[in-house]
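Step one of this worksheet: look at the structure below.
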2 protein chains.
Amino acid sequence: MPADVAPPGLAEETANRLRARVISGGLQPGQRLSEARLAADMDVSRNTLREVFRLLTREGLLTHLPNRGMSVAVPSMASILDIYRVRRMIELPALEHAWPRHTAVRIMVQAVEQADGCRKADDWKGVGSANMTFHTAIVDLADSPRLTTFFAQITAELRLAFGLLNSPELLHSPFIDANRKIVDALHNDDPKMARDLLAAYLDQSERVVMAAFARIDAKS
Amino acid sequence: MPADVAPPGLAEETANRLRARVISGGLQPGQRLSEARLAADMDVSRNTLREVFRLLTREGLLTHLPNRGMSVAVPSMASILDIYRVRRMIELPALEHAWPRHTAVRIMVQAVEQADGCRKADDWKGVGSANMTFHTAIVDLADSPRLTTFFAQITAELRLAFGLLNSPELLHSPFIDANRKIVDALHNDDPKMARDLLAAYLDQSERVVMAAFARIDAKS
DNA sequence: ATGCCGTTTATTGTTCAACAATAATGGGTG
DNA sequence: CACCCATTATTGTTGAACAATAAACGGCAT
């Protein structure tokens with residue numbers, strides 16, 4: 001009965017599949033994407049794949065050089081810096097002015113627990129994933145559809161950058177407790193404290209990512 | 001010599017043309033867009049038009065009902081509310097933390113002058129346009145490419161909504177002087193004052209737009 | 001006349017094949 | 001070894017074709 005969800009259409013579905021392949025590292029940054037080959041690979045026509053390309057280009061996951069085809073975007077230090085600036089601008093006010101009994105708070109709690117479980121199982125990829133849903137939930141606190149979709153893009157780009165970094169443990173491990181403290185502050189009706197905790201988290205996370213990135217950049 | 005700008009490609013160019021037609025009111029909100037007819041109208045193939053559709057759908061200017069085609073998006077009160085919330089979140093910090101000698105400040109000055117000229121010529125459409133470039137310049141103060149492109153979308157959606165409102169004079173006239181005061185505050189090295197002026201502007205503008213919108217909504 | 005059901009028609013969704021335009025490739029030549 | 005030109009591969013764009021779905025139409029019973 002709740003099947004009033006329209007079938008997504010082939011292009012959307014293919015976009016999801018390709019997006020997953022990109023942010024999971026199945027396709028490496030900078031790699032060129034041949035239309036003919038990729039179309040065959042994903043079992044769609046070249047035209048449909050082209051529509052998908054437009055979508056993912058808008059999301060910042062692919063770059064388009066005219067007459068030279070599409071490539072997976074290569075994150076730069078500037079892009080990481082920009083992404084963290086945007087995160088601060090969006091996440092901090094969303095958390096500070098949050099309604100403490102918002103639905104998204106429950107999702108934040110679940111995300112913390114899931115991250116904890118993944119850490120116990122040494123599943124660092126899962127930890128990173130849970131961390132992302134945690135921050136997505138923070139943005140959902142603002143109840144702004146435009147911010148939500150915008151942040152989804154930012155998240156995808158960030159995961160693409162994370163794909164370059166090969167130390168997920170160092171990347172995500174220290175932040176599970178930080179997230180838990182943020183949730184606790186929300187439950188204690190202290191959004192100002194939650195905001196400060198999140199600000200500290202973002203500073204530290206940005207530093208770690210930038211450091212790891214600098215190491216990579218030096219090698220190439 | 002500065003011709004290292006790549007030719008935009010037919011799809012991008014067509015997207016610009018169609019976007020212009022939508023936000024200028026040449027196509028009314030809610031109107032269905034037949035692929036065959038519009039493709040002939042814009043002298044592109046149906047496949048190319050489809051790529052354009054994907055672009056503009058992501059921008060929030062078109063809506064897609066599966067198997068029922070594309071239509072021009074119809075702005076709702078909720079969307080207007082959301083847009084102004086996002087504008088506050090983006091524009092206020094950008095202005096408050098602006099570097100007073102940023103390049104974009106010059107553009108703001110030019111926009112104010114142009115708006116003034118258009119008002120003298122009773123060109124209210126031009127006034128609205130200049131107002132938009134003024135606020136786009138405010139966002140450019142933040143030097144964040146992601147915020148800039150995001151705000152461009154917001155701007156397009158807002159212009160679409162303005163298209164429904166038939167009183168551009170009432171809509172834009174009182175705000176030219178407000179913009180000038182904001183620039184003056186920036187030149188006086190008082191970004192805090194500029195921020196407060198902008199906040200007041202946004203409050204008033206939102207109220208006017210919502211009121212006009214409520215009148216329209218009641219009629220239908 | 002009116003409400004319902006099957007058929008017809010138009011539109012969308014998707015693919016394929018073709019061709020021009022552009023960029024990469026490779027080989028010969030000075 | 002550098003340069004120029006022909007060859008080749010890839011992208012950019014179009015047109016036609018067909019299945020699938022939704023809209024429009026018309027007959028039929030009440």
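Here is the naming used below: chain letters follow the sequence lines, and residue numbers restart at 1 for every chain. As the structure is a computational prediction, the values presented were derived from the model and not from experiment. Both backbone and side-chain heavy atoms feed into the values below; hydrogens, waters and symmetry mates do not.
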*Which heavy atom in A:Trp99 sits nearest to a heavy atom in A:Val105, and how many Å separate them?*
O-CG2, 4.3 Å
*Shortest non-hydrogen separation from A:Val74 to A:Pro29 and the atoms involved*: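 Scanning both residues, the minimum pair turns out to be CG1-C, 3.6 Å.
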*Using a cut-off of strictly less than 4.0 Å between a heavy atom of the residue and any atom of DNA chain D, enumerate the qualifying residues of residues 30-45 of chain B by number.*
B:Asp43, B:Val44, B:Ser45
Roughly how many Å is it from [atom1] in [X] to [atom2] in [N], rounded to a whole number?
X       : N      : atom1 : atom2 : answer
A:Leu65 : C:dA23 : CG    : P     : 11 Å
A:Asn67 : C:dT22 : CG    : C1'   : 5 Å
A:Leu49 : D:dT10 : CG    : C1'   : 14 Å
A:His64 : C:dA23 : NE2   : C1'   : 13 Å

*asked:* Less than 3.5 Å apart, any donor N or O on the side chain of B:His102 or B:Asp140 sitting next to an acceptor on the other?
replied: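 Side-chain D/A pair, B:His102 to B:Asp140: absent.
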*Check the angle between the aromatic planes of A:Tyr201 and A:Phe175 and answer parallel, tilted or perpendicular using the 30° and 60° thresholds.*
perpendicular
*Below 4.5 Å, heavy atoms only, C-beta onward: do A:Leu33 and A:Ser71 meet side chain to side chain?*
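With C-beta onward as the side chain, the pair stays apart.
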_Any non-hydrogen side-chain atom of B:His135 less than 4.5 Å from a side-chain atom of B:Leu198?_
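Side-chain contact under 4.5 Å: yes.
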_Given DNA chain D, 5'-ward residue of the pair B:Arg46 and B:Glu51, judged by closest heavy atom_ =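 Nearer the 5' end of the strand: B:Glu51.
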_If you only use heavy atoms from C-beta on, which nucleotide in C:dT22, C:dA24, C:dT15 is closest to the side chain of A:Asn47?_
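The closest nucleotide is C:dT15.
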_Is A:Thr48 close enough to C:dG13 that one of its side-chain N or O atoms is under 4.0 Å from OP1 or OP2 there?_
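A:Thr48 to C:dG13 OP1/OP2: no side-chain N or O under 4.0 Å.
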*Taking OP1 and OP2 of D:dG12, is either one under 4.0 Å from a side-chain nitrogen or oxygen of A:Arg50?*
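For D:dG12, OP1 or OP2 has a side-chain N or O of A:Arg50 closer than 4.0 Å.
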*Position toward the 5' end of DNA chain C (nearest nucleotide), B:Met70 or A:Arg68*: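 This one resolves to B:Met70.
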